[in-house]
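Structure first, commentary second.
In what follows, every chain begins at residue 1, and chains take the letters A, B, ... in the order their sequences are listed.
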Number of protein chains: 2
Amino acid sequence: MLENLSRIEVENPVDLIISQIRDLISSGKIKPGEKLPPERKLAEHFGVSRNQVREAINKLQIYGIVKVQPQSGTTVTGIGIVAIEGLITDILRIEKTDFKSLVDTRILLEKEAARLAAINRSNDDLIKMNIALNHYEGILLNDGFAIEEDLLFHLKISEASKNTVLRSLMMIITPDILKSFTNLKVCNENTNKKTIDEHRHILEMISEKNPDGAIEAMELHLKDVIEFSNK
Amino acid sequence: MLENLSRIEVENPVDLIISQIRDLISSGKIKPGEKLPPERKLAEHFGVSRNQVREAINKLQIYGIVKVQPQSGTTVTGIGIVAIEGLITDILRIEKTDFKSLVDTRILLEKEAARLAAINRSNDDLIKMNIALNHYEGILLNDGFAIEEDLLFHLKISEASKNTVLRSLMMIITPDILKSFTNLKVCNENTNKKTIDEHRHILEMISEKNPDGAIEAMELHLKDVIEFSNK
DNA sequence: ATGATATATTTGGTCAACCAATAATTGGGC
DNA sequence: GCCCAATTATTGGTTGACCAAATATATCAT
């Protein structure tokens with residue numbers, strides 16, 4: 001009964017440090033290409049432990065804002081100035097990404113993935129997609145919902161597209177899609193039979209190496225989601 | 001003279017630990033929702049320090065594979081099973097992204113961004129894009145190259161599209177684009193005047209709220225890059 | 001004065017010990 | 001026998017000290 005009360009969200013000290021460093025960069029005190037102050041100085045300046053500074057720098061490194069060179073220093077990447085423009089704040093409150101943006105972008109990627117898969121798929125890809133699809137159907141008919149397995153099938157399509165970047169991007173947004181769908185309860189039980197047919201149709205088009213047909217099939221499949229996101 | 005010799009790339013121990021944990025999950029020894037063994041046990045089992053395990057878990061957390069609960073334990077999230085399928089291996093060899101995939105995907109995103117920007121751009125967006133464009137031209141005419149500023153202009157377009165996810169994805173691939181361009185020396189000085197005109201044309205189309213025109217202009221602008229990636 | 005070499009300092013990386021909050025256990029009271 | 005509180009053990013978080021490599025400085029021979 002208590003889990004729906006507003007959760008007291010204590011601001012993570014590491015995120016605060018990230019913000020501080022972000023300010024250092026965006027205010028122009030440190031320009032791209034220049035070195036960040038050493039971890040010890042930063043720790044002293046912010047009045048925190050060095051490990052927390054290290055953790056913050058680690059995150060910044062993962063996002064590509066800075067590059068650490070062992071035994072030398074941490075430099076602000078040239079692209080940092082690009083990412084700083086808004087990426088970090090996005091990461092800190094990633095839940096604010098609106099649902100429509102997510103769906104629209106997903107559709108953009110999915111259609112292209114289906115098109116490329118129809119062109120580039122190997123026989124091995126076909127087998128893998130089939131396995132994923134059968135697995136999805138099995139779970140769906142038993143439990144009534146199988147969002148994860150659904151998305152897994154879609155990921156196999158992006159794999160078959162042979163475009164590694166497209167696939168990576170699909171993987172990046174997949175968790176968010178899953179989260180949103182679960183939260184908003186998009187899945188609808190009485191559409192199960194329909195979605196299975198749609199999936200089979202997509203796979204068929206890819207199998208036949210029909211790019212336009214694949215796009216069309218994917219468009220049809222995602223139509224419900226589009227409508228849901230538009231309301 | 002030595003800096004171009006093949007650098008001996010020692011596999012990062014933290015990445016190795018990530019692989020190990022990935023295996024623990026994907027092999028089914030730990031299922032979504034279940035707890036990961038405590039950090040101390042993992043450290044002992046892998047024969048490494050606890051800090052390294054913590055760092056690995058940190059990364060997994062950033063990518064949403066696991067969720068750490070202080071003083072309680074680290075649980076594998078539901079989405080893990082999807083992400084585990086390949087996301088981690090992507091993290092480990094992110095540099096293997098091939099150039100063609102990168103360019104193709106970029107074009108897909110850029111065209112959609114231009115289209116949406118032509119529909120959704122505010123007057124404020126126009127001002128920002130203009131500033132970015134002028135800044136780009138200034139640097140270009142002085143130094144002869146301004147890839148970063150170029151990409152900054154493109155990012156402003158994705159901002160004007162008002163699709164936050166699309167913008168985030170653009171930001172994610174931007175560093176890789178920059179890296180590839182620098183490595184392959186795609187930029188060509190005698191095309192400077194041309195690219196400036198192309199940029200102005202794109203901005204014009206967005207300003208006029210002409211989606212199709214914006215797509216076309218962007219296509220034209222990226223034509224050189226497409227040709228370069230196809231050879 | 002200049003150059004190379006040896007030393008000292010600074011750097012990020014690593015580690016083991018400690019802290020506070022939580023979960024599990026145990027003991028007592030009803 | 002059952003339930004609740006006090007205690008103990010376990011958890012992730014934090015800290016300061018130490019390490020090896022890279023850099024800056026000083027020293028000395030030329």
Could you list the donor-acceptor pairs under 3.5 angstrom formed between side-chain atoms of residues 41-51 of chain B and any protein atom two or more places apart in sequence or on another chain?
| unit_1 | atom_1 | unit_2 | atom_2 | d |
| --- | --- | --- | --- | --- |
| B/Ser49 | OG | B/Asn51 | N | 3.2 |
| B/Arg50 | NE | B/Glu39 | OE1 | 3.0 |
| B/Arg50 | NH2 | B/Glu39 | OE1 | 3.1 |

Contacts under 3.5 angstrom, residues 104-111 of chain B side chains, donor-acceptor by atom type, not counting sequence neighbours:
| unit_1 | atom_1 | unit_2 | atom_2 | d |
| --- | --- | --- | --- | --- |
| B/Asp104 | OD2 | B/Lys100 | NZ | 2.8 |
| B/Thr105 | OG1 | A/Asn163 | OD1 | 3.1 |
| B/Thr105 | OG1 | A/Asn163 | ND2 | 3.2 |
| B/Thr105 | OG1 | B/Ser101 | O | 2.7 |
| B/Arg106 | NE | B/Glu110 | OE2 | 3.0 |
| B/Arg106 | NH2 | B/Glu110 | OE2 | 3.2 |
| B/Glu110 | OE1 | B/His154 | ND1 | 3.0 |
| B/Glu110 | OE2 | B/His154 | ND1 | 3.1 |
| B/Lys111 | NZ | B/Glu219 | OE2 | 2.8 |

List in chain and number order the residues that pass side chain to side chain contact (heavy atoms under 4.5 Å, CB included) with A/Gln71, two or more places apart in sequence or in another chain; answer none if no residue qualifies.
none
For B/Asp150, salt bridge (charged side-chain N to carboxylate O under 4.0 Å, His left out) partners two or more places apart:
none
Residues in side-chain hydrogen bond (donor to acceptor under 3.5 Å, both in side chains) contact with B/Asn134, at least two apart in sequence or another chain
B/Arg200
For DNA chain D, stems built from three or more consecutive Watson-Crick or G-U wobble pairs below 3.5 Å
C:1-30 with D:1-30
Suppose we screen for side chain to side chain contact (heavy atoms under 4.5 Å, CB included). Which residues come up paired with A/Ile131, at least two apart in sequence or across chains?
A/Ile127
Trace of the side-chain contact (heavy atoms from CB on, under 4.5 Å) decision for B/Glu34 with B/Val76:
CA-CA 6 Å; B/Glu34 289 182 356; B/Val76 178; 5.9 Å; no
Sugar-phosphate or base contact per nucleotide [nucleotides 5-14 of chain D; S, B, -; heavy atom under 4.0 Å]
------BBBB
Not counting sequence neighbours, which residues clear side chain to side chain contact (heavy atoms under 4.5 Å, CB included) with A/Lys162? List them please.
A/Asn120, A/Ser122, A/Asp125
Quickly work out the A/Glu44 CD to C/dT11 P distance and round it to whole Å.
12 Å
